[in-house]
Amino acid sequence: MKIILLGPPGAGKGTQAQSISKRFQIPHISTGDIFRKNIADGTELGTLAKGYMDKGLLVPDEVTIRMVKGRLSEPDCENGYLLDGFPRTVYQADELGKMLAAEGEAVDTALLIQVPRDFIIDRMTGRRVCPSCGASYHLVYNPPMVKDTCDVCGTKVIQRKDDSIDTVVDRLDIYDRQTEPLIEYYLAKGILRVVDGTQAIPVVFESIVKLLGSKE
Ligand code: ADP
Ligand code: ADP
Ligand code: ZN
């Protein structure tokens, strides 16, 4: 089972990915999380990525693709995976497709979490994340059980630097120009599925399970 999550920043990809990964027993691969981990560890890749991320720009395709190829070749990806935040450009999608085709494989489902623009700013500016495990929370819609503390690992949650209002606006603009075309791209391939992301978190998850359930 190879799944891609599509949707604007703030759609709920990371939130749903955590539950999907658990339910279907496939690794959740978030390129944003991998970049943030590299920044925290002070690696060369992290230093390079930070310059782009802080400005809300995409990390260059070649760098991102190399990193993803490395990750997908790890043993836990043998029975499938859930990609969150990748591909983000048509070029990345083509490269992923070529890589899989070389092994006689393909993406099974591109799952679009559809959320209109008016929901997004509110979601992103209220987002809090765990710097340790990547879990995503919201001040109002999904607060941790203990104030400011990650439910999963107990670390103090933080606000991402790129979730400030100015950067959010830039990221949405980049999404429209570079990532949104992927909806047409996967529609044309016949593997696009759409869920309504405006419902409550568990309701969205149930819609996703219904959609993916038939794929098991
Ligand atoms: P993405 O990974 O697509 O950028 P996240 O999963 O981090 O999005 O969600 C963005 C913010 O919106 C987080 O603060 C999250 O808690 C909140 N959120 C996610 N899904 C919903 C939902 N269905 N209803 C309300 N808030 C949500
Ligand atoms: P969000 O959860 O809001 O959609 P992510 O955590 O997925 O954000 O990504 C944060 C930042 O990491 C992006 O704004 C971008 O700078 C970088 N990034 C993540 N994935 C990619 C990718 N596939 N290609 C290029 N840059 C990426
Ligand atoms: Zn955590």
Side-chain angles (χ1 to χ4, degrees), residues 4-20 28-39 45-46 48-68 71 82-93 95-96 111-115 119-144 146 148-163 167-168 170-175 178-179 182 195-208:
I4 289 172
L5 285 182
L6 290 178
K13 301 181 299 296
T15 301
Q16 297 299 333
Q18 270 188 305
S19 306
I20 299 169
H28 167 203
I29 298 171
S30 155
T31 40
D33 284 351
I34 302 176
F35 285 135
R36 280 184 288 275
K37 172 101 182 32
N38 274 276
I39 293 173
L45 174 65
L48 186 142
K50 190 175 189 315
Y52 295 95
M53 290 171 79
D54 282 351
K55 296 194 196 83
L57 300 171
L58 294 185
V59 178
D61 280 340
E62 296 300 344
V63 177
T64 306
I65 289 162
R66 198 176 330 124
M67 177 180 87
V68 171
R71 178 66 188 88
L82 176 65
L83 285 170
D84 163 16
F86 181 92
R88 250 181 162 93
T89 62
V90 169
Y91 184 75
Q92 291 179 8
E95 287 298 306
L96 175 67
L111 186 68
L112 170 64
I113 304 182
Q114 202 161 41
V115 178
F119 285 73
I120 297 288
I121 303 278
D122 195 28
R123 283 196 185 179
M124 288 177 81
T125 50
R127 170 158 63 186
R128 296 294 181 271
V129 298
C130 173
S132 176
C133 76
S136 186
Y137 300 92
H138 192 281
L139 286 178
V140 179
Y141 308 127
N142 185 26
V146 178
D148 296 337
T149 308
C150 177
D151 293 347
V152 182
C153 72
T155 307
K156 192 174 180 310
V157 300
I158 56 159
Q159 180 166 32
R160 271 166 52 177
K161 194 174 172 196
D162 60 345
D163 277 347
T167 316
V168 165
D170 292 341
R171 288 163 65 199
L172 288 172
D173 188 42
I174 289 190
Y175 172 80
Q178 310 225 56
T179 310
L182 291 178
V195 289
D196 174 6
T198 64
Q199 297 168 291
I201 293 170
V203 180
V204 178
F205 181 59
E206 280 318 308
S207 315
I208 293 175

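Worth saying up front: this structure is predicted, and the values here are computed from it rather than measured. Note that ligands are numbered from 1 as they come in the structure, with each ligand's atoms numbered from 1 the same way.
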Trainee: Sub-3.5 Å donor-acceptor pair from the side chain of S136 to the main-chain atoms of T15, do we have one?
Mentor: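 Pair absent, no side-chain N/O of S136 close to backbone of T15.
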Trainee: Minimum heavy-atom separation for T149 and P144, please, with both atom names.
Mentor: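 The pair with the smallest heavy-atom distance is O-CB, 2.9 Å.
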Trainee: Could you pull out all residues at least two apart from Y141 that satisfy ring pair (Phe, Tyr, Trp, His ring centres under 6.0 Å)?
Mentor: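 Once residues adjacent in sequence are excluded, the partners of Y141 under the ring pair (Phe, Tyr, Trp, His ring centres under 6.0 Å) criterion are H138.
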Trainee: Checking side chain to side chain contact (heavy atoms under 4.5 Å, CB included) against L6, which of I113, L83, L112 comes through?
Mentor: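 Testing each of I113, L83, L112 against L6, the sole residue satisfying side chain to side chain contact (heavy atoms under 4.5 Å, CB included) is L112.
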Trainee: Is a salt bridge present between K55 and D170, judged by a nitrogen-to-oxygen distance below 4.0 Å?
Mentor: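 Between D170 and K55 there is no salt bridge, as every charged N stays at least 4.0 Å from the carboxylate O atoms.
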Trainee: Just do the side chain to side chain donor-acceptor pair (under 3.5 Å) check on Q178 and Y91 with the steps written out, would you?
Mentor: CA-CA 10 Å; Q178 310 225 56; Y91 184 75; over 6 Å; no
Trainee: With respect to atom 25 (C) of ligand 1, which of Y137, Y141, F119 exhibits the smallest heavy-atom separation?
Mentor: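 Nearest option to atom 25 (C) of ligand 1, by heavy atoms: Y141.
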Trainee: Among protein heavy atoms, which lies nearest atom 12 (O) of ligand 2, and at what distance?
Mentor: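 The protein heavy atom lying closest is M53 CE, 3.3 Å.
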Trainee: Within the distance-only criterion (no hydrogens, no angle test), does the side chain of Q92 pair as donor or acceptor with the backbone N or O of R88 below 3.5 angstrom?
Mentor: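 At least one qualifying donor-acceptor pair exists.
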Trainee: For atom 15 (C) of ligand 2, what's the nearest protein heavy atom and its distance?
Mentor: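 The protein heavy atom lying closest is L57 O, 3.6 Å.
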Trainee: Compute the shortest N/O to N/O distance between R36 and ligand 2 and return yes if it is under 3.5 Å, no if not.
Mentor: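 In this structure, R36 places an N or O atom under 3.5 Å from an N or O of ligand 2.
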Trainee: Please confirm whether the backbone N or O of T125 pairs with a side-chain atom of Q159, one donor and one acceptor, at under 3.5 Å?
Mentor: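 Between the backbone of T125 and the side chain of Q159 there is a qualifying donor-acceptor contact (under 3.5 Å).
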Trainee: Looking only at distances, please establish whether an N/O atom of ligand 1 is found under 3.5 Å from an N/O atom of A11.
Mentor: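 Looking only at distances, the answer is yes, because the N/O contact criterion of under 3.5 Å is met.
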Trainee: May I ask you to check whether P9 has an N/O atom sitting below 3.5 Å from an N/O atom of ligand 2?
Mentor: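 Between P9 and ligand 2 (N or O atoms, distance only) the closest approach is not under 3.5 Å.
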Trainee: Using atom types as modelled and distance alone, determine if a side-chain donor or acceptor of Q114 lies under 3.5 Å from a backbone N or O of A11.
Mentor: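 Side chain of Q114 to backbone of A11: no pair is present.
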Trainee: Look at atom 8 (O) of ligand 1 and say which protein heavy atom is nearest, naming residue and atom and giving the distance to 0.1 Å.
Mentor: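 Of the protein heavy atoms, G12 N, 3.1 Å lies nearest.
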Trainee: Give yes if a backbone or side-chain nitrogen or oxygen of V204 is under 3.5 Å from a nitrogen or oxygen of ligand 1, and no if not.
Mentor: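 Between V204 and ligand 1 (N or O atoms, distance only) the closest approach is not under 3.5 Å.
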Trainee: Before you tell me yes or no, could you show the steps for I158 and V129 under side-chain contact (heavy atoms from CB on, under 4.5 Å), namely the whole-Å CA-CA distance, both residues' side-chain angles and the distance that decides it to 0.1 Å?
Mentor: CA-CA 5 Å; I158 56 159; V129 298; 4.1 Å; yes
Trainee: Heavy atom under 4.0 Å from ligand 2: found in R127's side chain, backbone, both, or neither?
Mentor: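 For R127, only side-chain atoms sit under 4.0 Å from ligand 2.
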Trainee: Quick check: does any side chain N or O of K13 sit under 3.5 Å from a backbone N or O of P8, one acting as donor and the other as acceptor?
Mentor: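 A pair under 3.5 Å: yes.
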Trainee: Could you check atom 27 (C) of ligand 2 against the protein and tell me its nearest heavy-atom contact, residue, atom and distance included?
Mentor: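 I find the closest protein heavy atom is F35 CE1, 3.7 Å.
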Trainee: Suppose we measure from atom 2 (O) of ligand 1 to each protein heavy atom; which comes out shortest, and what is that distance?
Mentor: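 Answer for atom 2 (O) of ligand 1: G14 N, 2.8 Å.
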Trainee: What heavy-atom pair brings Y137 and P143 nearest, and what distance separates the two atoms?
Mentor: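 For Y137 and P143, the tightest heavy-atom pair comes out as CD2-C, 4.3 Å.
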Trainee: Tell me, which protein residue and heavy-atom name are nearest atom 1 (P) of ligand 2, and how many Å apart are they?
Mentor: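 Nearest neighbour among protein heavy atoms for atom 1 (P) of ligand 2, to 0.1 Å: R171 NH2, 3.5 Å.
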Trainee: Could you work out, for atom 24 (N) of ligand 1, the closest of H138, R123, Q159 by heavy-atom distance?
Mentor: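 Among H138, R123, Q159, the closest heavy atom to atom 24 (N) of ligand 1 belongs to R123.
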Trainee: Which residue supplies the protein heavy atom nearest to atom 21 (C) of ligand 1, what is that atom called, and how far is it?
Mentor: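 Going by distance alone, atom 21 (C) of ligand 1 is nearest to I201 CG1, 3.4 Å.
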Trainee: Side chains of T155 and C133, heavy atoms from C-beta outward: is any pair under 4.5 Å?
Mentor: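 When only atoms from C-beta onward are counted, C133 and T155 do not touch, as no gap falls below 4.5 Å.
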Trainee: Among all protein heavy atoms in this structure, tell me which lies nearest to atom 23 (N) of ligand 2, with the distance rounded to 0.1 Å.
Mentor: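 Ranking protein heavy atoms by distance from atom 23 (N) of ligand 2, first comes G85 O, 2.9 Å.
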Trainee: Under the salt bridge (Lys or Arg N to Asp or Glu O under 4.0 Å) criterion, do D162 and K50 qualify, and how do the steps go?
Mentor: CA-CA 10 Å; D162 60 345; K50 190 175 189 315; over 6 Å; no
Trainee: Tell me whether ligand 1 is touched by G10 - counting only heavy atoms on the residue side and a distance under 4.0 Å.
Mentor: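 The answer is yes, since G10 has a heavy atom less than 4.0 Å from ligand 1.
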Trainee: Under 4.0 Å from a heavy atom of Q199: which atoms of ligand 1 are those, numbered in the order shown and with their elements?
Mentor: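 Listed by number with element, the hits are 22 (C), 23 (N), 24 (N).
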Trainee: Using 2.8 Å as the cut-off, note every protein N, O or S atom close to the Zn ion (ligand 3).
Mentor: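 Hits for the Zn ion (ligand 3) below 2.8 Å: C130 SG, C133 SG, C150 SG, C153 SG.
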Trainee: Under 4.0 Å from a heavy atom of G197: give me the atoms of ligand 1 that qualify, with their elements.
Mentor: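 Result: 23 (N).
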Trainee: Quick one: closest heavy-atom pair of Q18 and A135, and the distance?
Mentor: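 Minimum heavy-atom contact is NE2-CB, 3.4 Å.
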Trainee: Among protein heavy atoms, which sits nearest to atom 5 (P) of ligand 2, and what does the distance come to when rounded to 0.1 Å?
Mentor: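 The protein heavy atom lying closest is R88 NH2, 3.6 Å.
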Trainee: I would like to know whether D33 and R36 meet side-chain contact (heavy atoms from CB on, under 4.5 Å); could you show each step before the answer?
Mentor: CA-CA 5 Å; D33 284 351; R36 280 184 288 275; 2.9 Å; yes
Trainee: What closest approach, in Å, do L182 and T89 show between heavy atoms, and which atom pair accounts for it?
Mentor: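 L182 and T89 have their closest heavy atoms at CD2-O, 3.7 Å.
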Trainee: Which atoms from ligand 1 have a heavy atom of P8 less than 4.0 Å away?
Mentor: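 Selected atoms, number and element: 3 (O).
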Trainee: Polar-atom distance check: T198 versus ligand 1, any N or O pair below 3.5 Å?
Mentor: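 No, T198 has no N/O under 3.5 Å of an N/O on ligand 1.
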Trainee: Looking at S207 and V195, what are the two nearest heavy atoms and their distance?
Mentor: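 Shortest heavy-atom separation between S207 and V195 comes out as CB-CG1, 4.0 Å.
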Trainee: Test side-chain contact (heavy atoms from CB on, under 4.5 Å) on V59 and M67; report intermediate values, then the result.
Mentor: CA-CA 11 Å; V59 178; M67 177 180 87; over 6 Å; no
Trainee: Could you work out, for atom 19 (C) of ligand 1, the closest of T15, L139, V140, D122 by heavy-atom distance?
Mentor: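 Checking each option, the heavy atom nearest atom 19 (C) of ligand 1 is found in T15.
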Trainee: Considering only heavy atoms of T64, which atoms of ligand 2 have at least one such atom less than 4.0 Å away?
Mentor: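 Those qualifying, in numeric order: 22 (C), 23 (N), 24 (N), 25 (C).
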Trainee: For atom 20 (N) of ligand 2, which protein heavy atom lies nearest, and how many Å away is it?
Mentor: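 Here the nearest protein heavy atom works out to T31 OG1, 2.8 Å.
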Trainee: Who's the nearest protein heavy-atom neighbour of atom 10 (C) of ligand 2, and how far?
Mentor: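 Protein heavy atom at minimum distance: R160 NH2, 3.5 Å.
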Trainee: With a cut-off of 4.0 Å, which atoms of ligand 2 are near a heavy atom of Q92?
Mentor: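 Under 4.0 Å from Q92, ligand 2 has these atoms: 22 (C), 23 (N), 24 (N), 25 (C).
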